[in-house]
Number of protein chains: 2
Amino acid sequence: MVQQDDSRVRRGRKFNQVLAGARTVFLEHGFEGASVDDIARVAGVSKATLYSYFPDKKLLFLEVARAECARQAEEAVQLIDQSAPAAQVLTEAARRIVAFLLSDFSRRVFRICVAESDRFPELGHQFYHSGPQMVRERLVEFLQKAVARGELQIDDLDFAADQFATLCKATLHEQAMFGVCTCAPPPAAEKVVQGAVEMFLARYGTGRIMTDRAPEAAHPDRV
Amino acid sequence: MVQQDDSRVRRGRKFNQVLAGARTVFLEHGFEGASVDDIARVAGVSKATLYSYFPDKKLLFLEVARAECARQAEEAVQLIDQSAPAAQVLTEAARRIVAFLLSDFSRRVFRICVAESDRFPELGHQFYHSGPQMVRERLVEFLQKAVARGELQIDDLDFAADQFATLCKATLHEQAMFGVCTCAPPPAAEKVVQGAVEMFLARYGTGRIMTDRAPEAAHPDRV
DNA sequence: AGAAAAGTGAACTAATTAGTTCAGAATGGG
DNA sequence: CCCATTCTGAACTAATTAGTTCACTTTTCT
């Protein structure tokens with residue numbers, strides 16, 4: 001959290017102020033919608049100072065995006081915890097993924113990356129690799145262990161992980177993205193979580209699930 | 001296809017030219033990135049003519065978006081065809097959904113709707129209702145019949161339909177969105193299709209699937 | 001043909017924007 | 001306390017933009 005001194009091009013003590021201001025304004029208005037004067041004002045810094053750090057608006061934007069992607073990656077890294085029963089681990093993972101997807105922060109970063117990713121192709125790549133791909137790698141790591149334990153049976157781990165992460169977007173992600181339901185009601189989120197886990201286990205679970213619930217918990221609505 | 005005369009506010013014969021030009025430029029550059037002079041030039045029309053149809057840029061943009069959403073809806077409507085075996089219908093539906101999601105057209109419209117949906121809240125709603133919601137309604141329609149026939153067992157049809165549509169986004173949609181893999185290799189798409197159908201049937205299928213393939217086709221990688 | 005409607009193009013306003021410049025104020029280390 | 005670095009603020013350029021205006025041409029209808 002205190003690695004803001006890792007850098008190469010900085011020259012002064014208001015660098016972080018500039019970055020913070022830029023972050024605020026870019027996340028609020030996107031690239032085109034943000035004016036450099038606004039950024040300087042919000043950062044509490046003169047325009048001259050801003051331009052002494054960043055030669056132009058594009059590089060400032062990319063720097064902000066890079067920092068946000070790194071932040072996102074950090075959050076994602078602490079996703080998968082243990083070698084607990086698959087149902088339990090998956091449920092917790094799904095909860096965090098869904099919560100993250102519905103967060104205001106994620107919404108803004110996602111939106112801006114989608115919007116600007118053909119003006120700045122490397123931005124899309126950065127986001128993808130620090131976000132979705134990171135989550136997938138962690139999931140694969142876990143799935144591997146669960147397969148070894150005989151809890152799951154999966155031939156393509158990457159694909160399965162993708163399917164699971166994708167299932168976490170059901171209903172709510174799209175709605176949040178398009179502002180259809182700005183509120184994020186917790187019961188709905190939990191339904192998506194349970195739905196993802198149930199479907200995933202129905203497809204990839206062996207009989208030998210060692211969960212704390214009864215084995216048929218994976219198919220609760222089959223009488 | 002010839003209902004371009006359904007209208008209210010038009011006054012002249014170059015209306016469609018204007019709309020077509022605006023469509024091209026907006027889809028290419030987004031709202032802010034598109035200049036009215038560019039639009040007029042691409043439309044082959046004078047700026048004065050353009051402004052004689054649309055009082056300002058925003059309304060022109062919203063009109064283009066409305067038309068594109070309607071187009072999208074039309075494509076989606078002819079998604080579900082028959083009361084064939086579930087596996088077959090779902091496979092065909094998934095193929096069309098995946099193909100649509102990967103199309104250049106969809107990518108552009110999606111991107112622009114995500115980007116501008118807090119500048120124009122109604123745009124997000126429009127897109128959602130004419131796109132994802134339309135698809136879901138058609139799917140629900142089919143799922144209902146399949147449940148009645150005993151092929152599927154589903155308690156929440158809306159949610160199940162959402163899950164299915166969501167599964168069609170696995171891997172490729174995100175990649176296309178962020179420009180990670182601009183090419184859309186058909187085998188990868190077919191894998192997503194099969195994966196979606198298999199997972200869906202594993203969760204919601206009864207034993208009584210009347211497909212043209214053997215019953216265990218729904219779980220082909222279980223030995 | 002003749003008149004009304006539709007379209008043109010080019011010049012114009014007013015506003016905003018990215019980026020520059022510079023004389024001087026604040027800051028901080030030795 | 002001095003001096004170099006950093007920062008300021010305000011004015012400036014040059015470019016772009018949305019939207020307007022108007023004398024003039026083209027199309028269309030009858």
Side-chain angles (χ1 to χ4, degrees), chain A residues 4-5 7-66 112 115-116 118-120 123, chain B residues 4-66 112 115-116 118-120 122-123:
Chain A
Q4 71 259 32
D5 298 81
S7 65
R8 35 231 109 162
V9 264
R10 102 187 33 172
R11 290 207 299 273
R13 67 203 106 105
K14 302 217 170 174
F15 185 90
N16 291 320
Q17 272 184 53
V18 173
L19 221 57
R23 176 183 180 274
T24 302
V25 180
F26 278 134
L27 286 183
E28 182 82 25
H29 298 105
F31 179 75
E32 294 268 18
S35 89
V36 177
D37 291 81
D38 268 8
I39 293 174
R41 194 175 38 73
V42 168
V45 140
S46 79
K47 225 172 143 187
T49 300
L50 186 154
Y51 275 105
S52 82
Y53 289 134
F54 299 96
D56 63 18
K57 194 187 175 188
K58 279 191 180 185
L59 287 186
L60 176 54
F61 177 74
L62 283 176
E63 190 56 30
V64 168
R66 204 190 55 78
I112 215 173
E116 309 294 348
D118 60 24
R119 193 191 314 266
F120 304 104
L123 175 59
Chain B
Q4 70 261 32
D5 299 83
D6 55 42
S7 63
R8 39 230 107 162
V9 262
R10 103 186 33 171
R11 292 207 296 274
R13 69 203 104 106
K14 302 218 170 174
F15 185 89
N16 291 321
Q17 272 184 54
V18 173
L19 221 56
R23 176 183 179 276
T24 301
V25 180
F26 278 135
L27 286 183
E28 183 82 24
H29 297 105
F31 179 75
E32 294 269 17
S35 88
V36 176
D37 292 79
D38 268 8
I39 292 174
R41 194 175 39 75
V42 168
V45 141
S46 79
K47 226 171 141 187
T49 301
L50 186 154
Y51 274 105
S52 82
Y53 289 135
F54 299 96
D56 63 20
K57 195 188 174 186
K58 279 191 182 187
L59 287 185
L60 175 55
F61 178 74
L62 283 176
E63 190 56 29
V64 168
R66 204 189 57 76
I112 216 173
E116 308 295 348
D118 61 23
R119 194 192 313 267
F120 304 104
E122 67 266 53
L123 175 60

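To find a chain, count down the sequence lines: A is the first, B the second, and so on, and within it residues start at 1.
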A.B. asks: Taking all heavy atoms of B/Val64 and all of B/Ala22, pick out the closest pair and write down the distance.
C.D. replies: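 Reported closest heavy-atom pair: CG2-CB, 3.6 Å.
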A.B. asks: Measuring to OP1 and OP2 of C/dT8, would you say a side-chain N or O of B/Thr49 lies under 4.0 angstrom away?
C.D. replies: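 Indeed, a polar side-chain atom of B/Thr49 lies that close.
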A.B. asks: Expected output check: what is the dot-bracket annotation of DNA chain D, where ( ) and [ ] are pairs inside the strand (brackets for crossing ones), | is paired with another strand, and pairs are Watson-Crick or G-U under 3.5 Å?
C.D. replies: ||||||||||||||||||||||||||||||
A.B. asks: For B/Ser46, check side-chain hydrogen bond (donor to acceptor under 3.5 Å, both in side chains) against everything at least two apart and list the hits.
C.D. replies: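 With sequence neighbours excluded, B/Ser46 shows a side-chain hydrogen bond (donor to acceptor under 3.5 Å, both in side chains) to B/Thr49, given in chain and number order.
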A.B. asks: Assign a letter to each nucleotide of nucleotides 16-30 of chain D from its 5' end: B, base within under 4.0 Å of a protein heavy atom; S, sugar-phosphate only; -, no contact.
C.D. replies: -SBBBB-----S---
A.B. asks: What salt bridge (charged side-chain N to carboxylate O under 4.0 Å, His left out) pairs are there with at least one residue in residues 20-30 of chain B, not counting sequence neighbours?
C.D. replies: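 Found B/Arg23-B/Glu68, B/Glu28-B/Arg108.
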A.B. asks: Could you state the atom-to-atom distance from CZ of A/Arg41 to P of D/dG9 in whole Å?
C.D. replies: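 So the CZ-P distance, A/Arg41 to D/dG9, works out to 13 Å.
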A.B. asks: In Å, rounded to the nearest 0.5 Å, how long is the span from OG1 of A/Thr24 to CG of A/Asp38?
C.D. replies: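 Those atoms lie 11.5 Å apart.
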A.B. asks: Can you see which heavy atom on A/Ala34 is nearest to which on A/Val25, and at what distance?
C.D. replies: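 Shortest heavy-atom contact: CB-CG1, 3.5 Å.
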A.B. asks: Could you note down all residue pairs passing salt bridge (charged side-chain N to carboxylate O under 4.0 Å, His left out) where residues 42-53 of chain A supplies at least one of them, sequence neighbours left out?
C.D. replies: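 Applying salt bridge (charged side-chain N to carboxylate O under 4.0 Å, His left out) to every pair that reaches into residues 42-53 of chain A, excluding sequence neighbours, yields A/Asp37-A/Lys47.
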A.B. asks: Parallel, tilted or perpendicular: which one describes the rings of B/Phe61 and B/Phe31, with boundaries at 30° and 60°?
C.D. replies: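 Perpendicular, since the angle between the ring planes exceeds 60°.
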A.B. asks: On the nucleotide D/dT6, are OP1 or OP2 found under 4.0 Å from the side-chain N or O atoms that A/Tyr53 carries?
C.D. replies: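 Answer no for this pair, as no side-chain N or O of A/Tyr53 is under 4.0 Å from OP1 or OP2.
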A.B. asks: Mind calculating the distance between CZ (B/Phe54) and P (C/dA6) to the nearest angstrom?
C.D. replies: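 Rounded to the whole Å, the gap is 15 Å.
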A.B. asks: Can you confirm whether B/Phe54 sits close enough to B/Leu19 that some side-chain heavy atom of one is under 4.5 Å from a side-chain heavy atom of the other?
C.D. replies: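 A side-chain contact exists here, since the closest heavy-atom pair is under 4.5 Å.
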A.B. asks: Taking only heavy atoms on the protein side, list every residue of residues 18-25 of chain B lying under 4.0 Å from any atom of DNA chain D, sorted numerically.
C.D. replies: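 None, since no heavy atom is under 4.0 Å.
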A.B. asks: Once you round to the nearest 0.5 Å, how far does NZ of B/Lys57 lie from CG of B/Leu59?
C.D. replies: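 Separation between the atoms: 12.5 Å.
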A.B. asks: Quick one: B/Leu50 CG to C/dT8 C1', roughly how many Å, whole number?
C.D. replies: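 Going from B/Leu50 (CG) to C/dT8 (C1'), I get 13 Å.
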A.B. asks: Quick one: does B/Leu60's side chain get under 4.5 Å of B/Val18's, heavy atoms only?
C.D. replies: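 They are in side-chain contact.
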A.B. asks: Return the minimal non-hydrogen interatomic distance between A/Ala65 and A/Leu123, and the atom names on each side.
C.D. replies: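 Closest heavy-atom pair between A/Ala65 and A/Leu123: CB-CD1, 3.2 Å.
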